[in-house]
Amino acid sequence: MPDIILHHYPESPFSEKIRLLLGYKGVAYNSVIIPVMMPKPDLMPLTGGYRKTPVMQIGADIYCDSAIIARTIDDLYPQNSIYPRHCEAVAGALAHWTDTFLFKVAVAVAFQPRGLANNAILSDAETAAAFAADRAELTKGSSELRLALEIAEPFFIQHLARLNSQLGEGAGFLFGDAPTIADFSTYHCLWFVHNNEVLRQIFAPYPEVNQWMSRMAGLGQAEAHDMSGKEALAIAKDAVPIKRSTVIDVEGPGAGDDVEVMPIDYGFNPVAGKLRVSSFEEIVLARQDEQLGQVAVHFPRLGFEVRRARA
């Protein structure tokens with residue numbers, strides 16, 4: 001099996017989703033700790049401008065967004081699949097709602113005033129100001145991560161109550177006796193708040209949720225080997241992207257067209273390249289980087305747009 005390189009930082013909730021999945025699958029990985037804020041000089045040559053966290057690298061193939069990362073890990077290690085066919089549609093829909101709307105709610109709850117003093121990222125006023133400026137740039141032109149606490153907190157508590165009721169029916173996980181993608185997506189949003197000791201009391205009235213979170217955490221963390229960003233870049237430079245058939249299933253730009261891909265929610269930093277795959281699950285671009293040579297950048301279909309490059 002190929003070596004997985006995960007570009008992440010410890011406090012990133014979407015990274016925790018992938019770290020936990022790797023633990024569940026029992027897959028060791030190489031860990032590159034990236035800066036929380038821009039600049040990210042050892043990441044941008046790989047992604048071509050995509051700056052969200054985490055990013056997964058396998059040789060010269062770069063996977064952007066936790067949705068395609070999770071799907072790829074499950075494809076590579078299919079035992080105990082987190083996409084069981086009997087609930088794939090509803091689990092996938094819940095995971096997307098959780099990764100988008102519930103995450104927006106969790107951000108507002110996690111960054112409320114009483115939680116900031118105990119936030120590992122915002123350790124001092126100067127760092128907090130730099131972080132705020134960085135995230136303002138990331139979300140420029142979008143309102144996706146802007147939700148007032150008085151609106152967000154009732155949504156968050158409502159969902160905890162509903163989860164508590166469902167989990168109290170006896171199933172160990174959201175869709176039965178084994179975790180699905182919906183469990184991993186829900187977990188990372190709740191972990192983002194629960195990880196702050198000051199805010200943990202929000203979970204006190206929901207014993208079934210707390211037990212489920214302990215059950216999820218008990219899936220374990222995989223063995224991680226430290227790697228520098230420069231080492232990861234050297235691996236990409238010495239590798240070639242995985243050969244695969246060109247697939248164009250979705251109406252729009254065709255194979256080999258010069259296109260740009262970017263998220264539709266926030267982080268409007270287009271990645272340019274030649275279109276190789278445009279399916280209902282995945283978008284793949286071929287990029288020629290002056291530092292690395294050819295790399296292939298993978299995105300999930302859901303949550304991203306493809307457009308022809310501007311002349």
Side-chain angles (χ1 to χ4, degrees), residues 6-20 31-57 64-67 69 98-153 155-156 185 187-202 224 226-230 232 262-271 303:
L6 188 65
H7 300 258
H8 65 122
Y9 59 87
E11 300 84 5
S12 162
F14 283 99
S15 296
E16 181 65 9
K17 170 185 173 182
I18 300 304
R19 292 188 294 255
L20 190 62
S31 170
V32 177
I33 301 300
I34 63 174
V36 175
M37 298 172 278
M38 294 292 278
K40 302 183 181 185
D42 294 335
L43 184 66
M44 293 301 100
L46 295 170
T47 69
Y50 177 87
R51 54 159 294 188
K52 293 184 183 182
T53 307
V55 167
M56 184 174 77
Q57 174 188 352
C64 300
D65 192 276
S66 69
I69 293 172
T98 302
D99 284 343
T100 53
F101 182 77
L102 187 63
F103 177 67
K104 176 167 65 172
V105 168
V107 167
V109 174
F111 287 139
Q112 64 180 282
R114 68 189 180 96
L116 292 180
N118 201 45
N119 188 292
I121 298 176
L122 311 177
S123 56
D124 57 71
E126 185 177 350
T127 302
F131 180 82
D134 179 81
R135 291 311 189 258
E137 180 65 25
L138 176 64
T139 59
K140 183 165 45 176
S142 169
S143 60
E144 282 298 312
L145 290 185
R146 295 172 192 162
L147 195 63
L149 177 62
E150 61 268 24
I151 298 173
E153 194 163 43
F155 287 151
F156 192 77
S185 287
Y187 178 80
H188 84 78
C189 288
L190 302 194
W191 174 88
F192 195 35
V193 178
H194 191 274
N195 209 35
N196 189 325
E197 191 174 338
V198 173
L199 302 177
R200 203 167 294 160
Q201 65 187 41
I202 297 172
D226 291 340
M227 176 179 283
S228 71
K230 293 291 188 292
M262 69 178 182
I264 63 174
D265 52 1
Y266 63 95
F268 302 140
N269 306 105
V271 177

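Sorted by first then second residue, the ring-ring contact (aromatic ring centres under 6.0 Å, His included) pairs that include residues 36-55, not counting sequence neighbours, number zero. Screening residues 131-145 for salt bridge (Lys or Arg N to Asp or Glu O under 4.0 Å), with sequence neighbours left out, gives R51-D134, E137-K140.
You'll find the side chain of L46 reaches within 4.5 Å of the side chain of Q57, heavy atoms only. Y9 has its side chain out of reach of S15: every pair of non-hydrogen atoms, C-beta onward, lies at least 4.5 Å apart. The shortest distance between side-chain heavy atoms of E153 and I202 falls below 4.5 Å. Using a 4.5 Å heavy-atom cutoff, the side chains of F103 and T98 are not in contact.
Interatomic distance, SG of C64 versus CG of L43, reported as 7.5 Å (0.5 Å rounding). Distance CG/L102 to CZ/F156: 6.5 Å, rounded to 0.5 Å. Atoms CG and CH2, on N196 and W191 in that order, are 11.0 Å from each other to the nearest 0.5 Å. Atom CE of residue M56 and atom OG of residue S66 lie 11.0 Å apart, to the nearest 0.5 angstrom. How far CG of N195 is from CD of E16: 7.5 Å, rounded to the nearest 0.5 Å.
S143 places no side-chain N or O within donor-acceptor distance of the main-chain N or O of R146, the cut-off being under 3.5 Å.
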*Under the side chain to side chain contact (heavy atoms under 4.5 Å, CB included) criterion, do H8 and S31 qualify, and how do the steps go?*
CA-CA 7 Å; H8 65 122; S31 170; 2.7 Å; yes
_Test side chain to side chain contact (heavy atoms under 4.5 Å, CB included) applied to F192 and V107, step by step_ = CA-CA 8 Å; F192 195 35; V107 167; 4.0 Å; yes
*Check the pair T139 / F268 against side chain to side chain contact (heavy atoms under 4.5 Å, CB included), numbers first and verdict last.*
CA-CA 8 Å; T139 59; F268 302 140; over 6 Å; no
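In this structure K104 satisfies the salt bridge (charged side-chain N to carboxylate O under 4.0 Å, His left out) test with no other residue, sequence neighbours excluded. Applying the ring pair (Phe, Tyr, Trp, His ring centres under 6.0 Å) criterion to H188, with sequence neighbours excluded, gives F14. By the side chain to side chain donor-acceptor pair (under 3.5 Å) test, S185 is found to be paired with K17, D99, residues two or more places apart in sequence or in another chain being considered.
Shown here for A152 and A108, the closest heavy-atom pair between the two residues is CB-CB, 3.5 Å. Scanning all heavy atoms of the two residues, the minimum distance from K52 to P263 falls at NZ-CB, 3.8 Å.
For the side-chain contact (heavy atoms from CB on, under 4.5 Å) with H7, the lone residue among T47, V32, D42, T53 that qualifies is V32.
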Could you tabulate the donor-acceptor pairs under 3.5 Å formed by side-chain atoms of residues 109-116, not counting sequence neighbours?
unit_1: Q112; atom_1: OE1; unit_2: R114; atom_2: NE; d: 3.1
unit_1: Q112; atom_1: NE2; unit_2: V109; atom_2: O; d: 2.9
unit_1: R114; atom_1: NH1; unit_2: V198; atom_2: O; d: 3.4

